[in-house]
Amino acid sequence: MTIYDCAIIGGGPAGLNAALVLGRARRSVALIDNNQPRNAVTHASHGFITRDGVTPAEFRRIAYEEVLRYPTVEHLPIEVASVGRIESGFEICDLSGQRVQARKLILATGVKEVFPEIEGFYPLYGKSLFNCPYCDGWELRDQPLAVVSEYPDVFHKAKLLLSWSKDLIVCTNGKATLSDEQKQRLQSWGIAIMEQPIMSFIGHNGRLERIRFADGTEIPRTGGFVSPKFVQSAPFIEQLGCERTDMGGIKTDKGGRTSVPGLYAAGDASYIGPSQVVFAAADGSRTAMSVHMDLTEEEYG
C-alpha cells in the first residue's frame, strides 16, 4: 500500500491551500474531499484579493485546477468513516472500507453552523440573511437590518454593523444576553432592542421582508445577520484524542500542530472564526509548511 507523506481531510480553502504548498514541495499528498462545502449556499465569497465576489463553485474549480497540476497531489473524492493511529502514521478508512495511509495528517474539516430553529430562516440564508458582516455587509449596506443572536457576541456584532447601516434592530430571540449598560449604549446609537422570541422570518424569493415575533409584533427588515453555534464537522477529534480550545476548536501551536504527534489542523476546524476564505487559505499554507519542515527533520535530522 502507498503511504503518502501527508493526507488532508477537507477540500475547503485550508485543505486546498495546504495541498498546493505540499505539492510544490514535491510531497505526496492525498487530498480527501467529499465535495460537500460548508459555503455551498453562499452566493459569493468576499474579502480575498483577486477573488472578491467569486462563487464558491468557481473558487473550487480554479483551486483544483491549480492544485492538481502538481503530480504528487492526488484527489480522493471519498467519505471518511474513521481515522486511527498506526505505526507509520495514520490510517483513514472510507465508508466502503478503502484505506489510505499517511505519515502526517491535516484535519481541514471545518465546522458546521447550527442556527436557531426559526421558521423561514433557511430559504433566506445566503441571500438576505447571513452570518459574517465582513463577508456580506457591503451587499446589505444602508438597508434596514436585524442583528439576531442568542449569544453575548450580539453587542459586538451590532457595533460592527454600524459601519454598514445605521438602521439596525438587535434581536436576542428570548435570551437575556445584554447587560443594562449594553442596552443603554445600543439605544444611544439609535438601535432598537427586541428581546422577545422570534416566531418567523417572512420573505419571498430569498429576500427578507419582515420579522414576526412571538407577541405578534412585526418589524420590516430587508436583511440581517444571524449568529450560529459552531460545532466540529467531523468526529475525528474524539477518534484521535486531540485537545480542544475553549471555543471547541482543535488546539494547535502556531504551526498547526495538535497535541497528537503527526496530526495537524488548519482552518475553521482549529480557530473557529472569523470564517473567511482568506483566513482559512493562509492557515492551510502555514500548516503545510510545518508538515514539510517536520518531515524534513525526520528524514535528514
Side-chain angles (χ1 to χ4, degrees), residues 10-20 31 33-68 75 77 108-116 118 120-149 153 157-158 160-165 167-168 201 203-209 211 221-230 233 266-269 271-285:
L16 286 163
N17 219 92
L20 177 65
L31 177 57
D33 177 17
N34 63 3
N35 197 31
Q36 296 179 15
R38 168 185 161 200
N39 63 351
V41 302
T42 304
H43 63 92
S45 297
H46 296 284
F48 196 153
I49 195 70
T50 77
R51 290 290 178 264
D52 189 53
V54 69
T55 65
E58 179 67 0
F59 179 88
R60 284 172 59 83
R61 185 194 68 77
I62 295 169
Y64 267 106
E65 183 180 278
E66 293 178 350
V67 167
L68 296 180
H75 174 211
T109 46
V111 292
K112 291 180 180 178
E113 299 161 320
V114 180
F115 288 98
I118 300 174
F121 171 76
Y122 283 102
L124 305 175
Y125 182 53
K127 302 179 181 69
S128 56
L129 292 176
F130 303 94
N131 165 32
C132 172
Y134 290 104
C135 300
D136 299 288
W138 171 262
E139 283 65 37
L140 297 184
R141 63 193 183 280
D142 298 325
Q143 297 184 37
L145 305 179
V147 187
V148 181
S149 177
D153 77 326
K157 184 169 281 190
L160 289 179
L161 279 164
L162 286 168
S163 294
W164 288 280
S165 176
D167 188 351
L168 300 177
F201 295 108
H204 296 90
N205 298 319
R207 299 300 169 188
L208 177 66
E209 295 174 1
I211 300 174
R221 299 282 97 178
T222 60
F225 292 85
V226 183
S227 294
K229 177 182 179 181
F230 293 104
S233 293
D268 291 348
Y271 58 75
I272 302 296
S275 299
Q276 282 202 305
V277 171
V278 67
F279 276 81
D283 202 48
S285 178

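Being a predicted model, the structure only gives us computed values, none of them experimental. In this chain, numbering begins with 1 at the start of the sequence shown.
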So Phe59 and Phe48, would you call those rings parallel, tilted or perpendicular, with 30° and 60° as cut-offs? tilted
Who are the side-chain contact (heavy atoms from CB on, under 4.5 Å) partners of Ala18, not counting sequence neighbours? Ile8, Ile106, Ala288
Ala44 and Asp136: which non-hydrogen atoms are nearest, and at how many Å? O-OD1, 4.4 Å
Heavy-atom pair with the smallest gap, counting every atom of Ala266 and Gly284: CB-CA, 4.0 Å
Partner residues of Tyr134 under the ring-ring contact (aromatic ring centres under 6.0 Å, His included) criterion, sequence neighbours left out: Trp164
Who are the side-chain contact (heavy atoms from CB on, under 4.5 Å) partners of Ser149, not counting sequence neighbours? Tyr151, Asp153, Val154, Ser227
Applying the side-chain contact (heavy atoms from CB on, under 4.5 Å) test to Val226, which of Phe130, Phe121, Tyr125 qualifies? Phe121
Gap separating the CG atom of Leu124 from the CD1 atom of Ile118, nearest 0.5 angstrom: 11.0 Å
Output the distance between atom CG (Asn34) and atom OG (Ser233), rounded to the nearest 0.5 Å. 9.5 Å
Quick one: ring-ring contact (aromatic ring centres under 6.0 Å, His included) partners of Tyr64, sequence neighbours excluded? His75
With Glu58, which residues qualify under salt bridge (Lys or Arg N to Asp or Glu O under 4.0 Å), at least two apart? Arg61
Side chain to side chain donor-acceptor pair (under 3.5 Å) against Glu66, all qualifying residues, sequence neighbours excluded: none
Rounded to the nearest 0.5 Å, how far does NZ of Lys127 lie from CZ of Arg207? 8.5 Å
Side-chain contact, heavy-atom cut-off 4.5 Å: Leu208 with Thr222? no
Please give me the minimum heavy-atom distance between Ala14 and Ala108, naming the atom from each residue. CB-CB, 4.2 Å
Atom pair CG/CG of Asp268 and Asp283 - distance to nearest 0.5 Å: 9.0 Å
For Pro133 and Leu161, the nearest pair of non-hydrogen atoms, with its separation, is CB-CD2, 3.8 Å
Is there a side-chain contact between Phe230 and Asn131 in this structure, where contact means two heavy atoms from C-beta onward sitting under 4.5 Å apart? yes
Given side chains that start at C-beta, do those of Pro228 and Val114 come closer than 4.5 Å, heavy atoms only? no
Applying side-chain contact (heavy atoms from CB on, under 4.5 Å), can you list everything that pairs with Leu145, at least two apart in sequence or on another chain? Leu140, Gln143, Ser165, Leu168, Phe225
Starting at SG of Cys135, measure out to NE2 of His46 and round the result to the nearest 0.5 Å. 8.0 Å
Going by the rule salt bridge (Lys or Arg N to Asp or Glu O under 4.0 Å), which residues pair with Asp167 if we only count those two or more places apart in sequence or in a different chain? Arg221
Side chain to side chain donor-acceptor pair (under 3.5 Å) against Asn17, all qualifying residues, sequence neighbours excluded: none
Taking all heavy atoms of Gly223 and all of Leu129, pick out the closest pair and write down the distance. C-CD2, 4.2 Å
Measure the CG-CG distance between Leu68 and Leu16 for me, rounded to the nearest 0.5 Å. 9.0 Å
